[in-house]
Structure formats: structure tokens, C-alpha cells
Amino acid sequence: MASQVNRDTLTECFRGALLGTMVGDALGMPVEGMSNSVIRARYDLVTEMLPARLGRGTYTDDTEMMIGLAEALLDTPGRLDAHQVAARFSENFNPDRGYGGTAQKILLAIREGMQWQDATKTHGLPGGSYANGAAMRVAPIPLAFYGDAKATVQAAAQQAAITGHTHPIGRIGACLQAIAVRWAISSKVQGAELDAKSFLKNLKLAGPKEFVDALGWIVENLAASPEEAANHLGTGAQASCSVSAALWAVLSSPQDPEMAIIRAVSLGGDTDTIGAMAGAVAGAYHGAEALPRRWTQALEEGDKGKGYVLELADRLLDIATIE
């Protein structure tokens with residue numbers, strides 16, 4: 001059983017992981033698809049919530065799927081039931097949130113009664129998707145399985161399969177993002193700093209090569225400029241690019257969650273997802289209260305808005321396995 005001090009810290013960290021996902025997603029949505037150079041020319045850095053297609057402070061499929069994953073974990077405490085995750089994903093599915101084409105086809109098929117395995121077989125990409133769809137939503141996994149590193153990785157990979165992210169790059173991206181969120185919380189509980197070199201060297205990641213090369217570059221280039229990071233790591237939807245870019249943004253600004261998320265979004269490319277993933281890790285370490293109030297106050301409310309996301313975080317702590 002965690003001590004009260006640890007539980008208070010965990011409450012902040014759990015809330016920070018989910019709220020950070022939502023914040024980074026909403027901050028990045030209005031500039032999605034813009035290059036680093038275009039963002040730099042227009043805004044220098046993206047520091048404020050901008051007008052967006054669904055309104056300022058609204059979220060995309062990244063947060064909507066994160067919510068569904070959290071709900072499914074709460075439906076089946078102590079385990080991940082892929083059928084329940086698929087049901088929650090299809091139930092929440094709102095195409096206006098900006099889902100990719102393959103995900104839309106899979107979720108519509110599930111909503112119409114097809115089993116998720118058949119839906120991914122019918123509509124999934126040959127060889128599986130290497131995109132970041134499984135990584136962007138994974139933050140609830142390391143919360144529900146916080147005390148069990150092996151279960152965290154297994155569940156991260158399991159939920160990736162539901163939307164066809166079975167290519168090693170897509171699957172490992174989800175696992176790496178889950179590990180990073182768990183490591184950030186554990187570091188905070190232990191009173192340790194976010195030591196990038198120690199974290200990345202202790203991963204012992206054997207592949208895919210794209211991740212090994214990217215993480216090796218991060219270790220040696222924490223002081224690089226955002227332009228250098230964007231050019232070297234890439235900022236597209238491929239998980240080895242965007243997951244790595246999000247990690248660089250956090251690890252290059254380990255004591256400043258605001259700047260970590262600003263840097264992530266300002267890298268350009270798949271900005272909502274890079275922002276969401278960086279926000280999850282930065283929020284997991286620094287806590288929800290450390291996220292800028294001007295951002296959190298701008299977030300959408302409603303049935304599944306900011307308040308609901310914070311409630312999900314608290315409920316995940318209630319069912320979590322604690323070290």
C-alpha cells in the first residue's frame with residue numbers, strides 16, 4: 001500500500017498524465033501539418049491556445065481514444081480486455097475529431113457489429129500500421145498497471161492491435177510511450193530528476209533500428225535546437241519519428257513542463273500527437289497543477305471534457321497496482 005505522501009503525489013501525477021495529454025493535443029491541433037519553419041515564421045513558438053476547427057481548447061482523436069482506453073480499463077479492473085477497449089473506442093468515435101482513414105474504417109466496422117479482429121483484418125494495413133495511433137492514447141495504461149512494468153508493456157502492445165498498429169514500429173512506439181509515462185511517475189515518487197541519459201540507456205531497446213538510432217541521437221543532443229531535432233528525428237505520424245520527437249521535447253526541458261509542451265508542438269508536423277505525448281510524460285512527472293492555468297482553463301468541458309478526464313485519473317488510481 002502506498003503511503004499517504006506517495007498517494008498525494010500519485011494523484012497529481014496521474015492527473016497530470018491524462019490532463020497533459022489533453023493540453024498538448026489541444027495546443028497542437030490548430031497547427032497540425034505545419035512545418036517547423038512555418039510555425040516559426042507565424043508564431044515563433046506556439047505558446048497559447050489558438051482558434052481550432054472545433055473551437056479553442058478542443059481535443060482531437062488523440063484525447064478521445066485516451067478517454068476510451070481509460071474507460072475500458074475501469075470497466076475491467078486489473079486487466080485489459082481488448083473487446084471492451086474496442087467497444088469503448090467505437091462508442092466514443094466522433095469522426096469530427098480528426099481520425100485517420102484506416103482507424104475510421106476499423107471503428108465504423110466495429111460499431112456496426114464486426115468483431116475487432118475481423119475489422120482490423122478487413123481494413124487494416126498490410127503488415128500493420130507503423131503510425132503513432134496506439135502511442136498517442138496509451139497514457140492510461142501505465143496508470144492502471146503502475147506497479148507492474150511487465151503488465152504495462154504487455155497491455156500497451158495489446159491495445160495497439162485493436163486499431164491495427166501491429167507493425168513493430170507502431171507497437172514499440174506505444175510500449176515506449178507507456179514506459180516513459182511510468183518512468184516519469186516513478187521518478188517523481190522517488191524524488192529523482194528526469195535523467196535522460198540514464199532512462200534511455202537503461203531501456204536496452206534492441207529494435208526497431210529507427211527507434212535505436214533516434215534514442216541514441218536524443219542522448220547526445222539534448223541541447224540541440226528545435227529545428228535540428230525536427231530535421232533529424234522527423235515529425236510525421238510514423239511512431240519512431242513522433243514518439244522520439246515528443247521524448248526529446250520533454251528530456252531537453254526536464255524541469256519545465258510548459259516549455260516541454262511548447263517545444264513539442266512547435267516542432268511542427270503531427271503537432272497534436274507530439275504535443276499529447278509530450279504532455280503525458282511532462283504532466284506525469286510535474287503533476288496537473290504544474291500545467292499552465294491559461295491552458296487548462298481553456299480546455300473544453302462537457303460530458304467528456306476536462307473534469308471528466310480528471311475524474312478518470314482519480315478512478316484509475318483507485319484501481320491501480322501500487323508498488
Side-chain angles (χ1 to χ4, degrees), residues 16 19-63 98 132 135-136 177 180 184 194 196 214 217-238 240-300 306:
L19 194 64
T21 299
M22 191 179 185
V23 161
D25 182 19
L27 190 72
M29 188 225 287
V31 294
E32 182 182 8
M34 293 184 190
S35 68
N36 173 263
S37 59
V38 169
I39 289 174
R40 192 167 65 250
R42 290 190 186 181
Y43 307 104
D44 188 20
L45 295 171
V46 180
T47 61
E48 306 298 332
M49 292 285 180
L50 299 169
R53 63 178 183 270
L54 298 180
R56 180 173 174 268
T58 55
Y59 59 75
T60 76
D61 58 323
D62 299 48
T63 298
N132 52 28
M136 70 187 189
Q177 175 68 11
L194 292 181
W217 186 88
I218 291 172
V219 168
E220 302 301 328
N221 291 276
L222 294 172
S225 69
E227 294 77 19
E228 290 172 323
N231 289 335
H232 189 91
L233 297 172
T235 59
Q238 181 167 316
S240 55
C241 298
S242 47
V243 173
S244 301
L247 280 175
W248 176 84
V250 175
L251 297 176
S252 65
S253 303
Q255 297 306 318
D256 189 342
E258 179 179 1
M259 184 50 65
I261 298 170
I262 288 171
R263 287 189 127 188
V265 168
S266 300
L267 287 172
D270 197 2
T271 51
D272 58 324
T273 297
I274 297 173
M277 293 187 294
V281 179
Y285 182 77
H286 294 283
E289 287 297 321
L291 298 170
R293 187 155 296 183
R294 70 182 190 280
W295 291 350
T296 58
Q297 287 181 336
L299 293 175
E300 70 173 272
K306 177 179 66 177

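Every heavy atom of this structure was used, including side-chain atoms; hydrogens, water molecules and symmetry mates were not.
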Open item on the list: One pair to check against side-chain contact (heavy atoms from CB on, under 4.5 Å): Asp270 and Glu32. What are the steps and the verdict?
Closed with: CA-CA 6 Å; Asp270 197 2; Glu32 182 182 8; 3.7 Å; yes

Open item on the list: Counting only heavy atoms from other residues, nucleotides and ligands, does the tally under 6.0 Å from CZ of Arg294 exceed 12?
Closed with: yes

TODO: Nearest 0.5 Å please: distance from the OG1 atom of Thr63 over to the CE atom of Met136.
DONE: 8.5 Å

Open item on the list: Nearest 0.5 Å, please: how far is CG in Asp62 from CD1 in Ile274?
Closed with: 10.5 Å

TODO: Please confirm whether the backbone N or O of Trp217 pairs with a side-chain atom of Asn221, one donor and one acceptor, at under 3.5 Å?
DONE: yes

Task: Ser35 side chain vs Val38 backbone, donor-acceptor pair below 3.5 Å - done: yes

Task: Under 3.5 Å side-chain donor-acceptor pair for Ser252 and Arg263 - done: yes

Task: Between CG on residue Asp256 and CD1 on residue Ile262, distance to nearest 0.5 Å - done: 7.5 Å

TODO: Output the distance between atom CE (Met34) and atom CG (Asn36), rounded to the nearest 0.5 Å.
DONE: 12.5 Å

- [ ] Dump the intermediate steps for side-chain contact (heavy atoms from CB on, under 4.5 Å) on Trp295 and Met49, then the final yes or no.
- [x] CA-CA 7 Å; Trp295 291 350; Met49 292 285 180; 3.9 Å; yes

- [ ] Kindly say whether Asn132 contributes a backbone atom to a donor-acceptor pair with the side chain of Gln238 at under 3.5 angstrom?
- [x] no

Task: Pair Glu300 + Arg56: basic N to acidic O under 4.0 Å - done: no

TODO: Evaluate side-chain contact (heavy atoms from CB on, under 4.5 Å) for Tyr59 paired with Asp272, printing each intermediate quantity in order.
DONE: CA-CA 9 Å; Tyr59 59 75; Asp272 58 324; over 6 Å; no

Open item on the list: Contact between Tyr43 and Leu50 at the side-chain level, heavy atoms closer than 4.5 Å - yes or no?
Closed with: yes

Open item on the list: Run the side-chain contact (heavy atoms from CB on, under 4.5 Å) test on Thr296 and Leu19 for me, step by step, so that the C-alpha distance in whole Å, both residues' side-chain angles and the decisive distance to 0.1 Å come before the verdict.
Closed with: CA-CA 8 Å; Thr296 58; Leu19 194 64; 3.8 Å; yes

Open item on the list: Using modelled atom types and a 3.5 Å cut-off, is there a donor and acceptor pairing between side-chain atoms of Ser266 and backbone atoms of Val46?
Closed with: yes

Open item on the list: For a 4.5 angstrom cut-off between non-hydrogen side-chain atoms, does Thr58 reach Arg53?
Closed with: no

Task: Close side-chain approach of Leu233 and Ile218, heavy atoms under 4.5 Å - done: yes

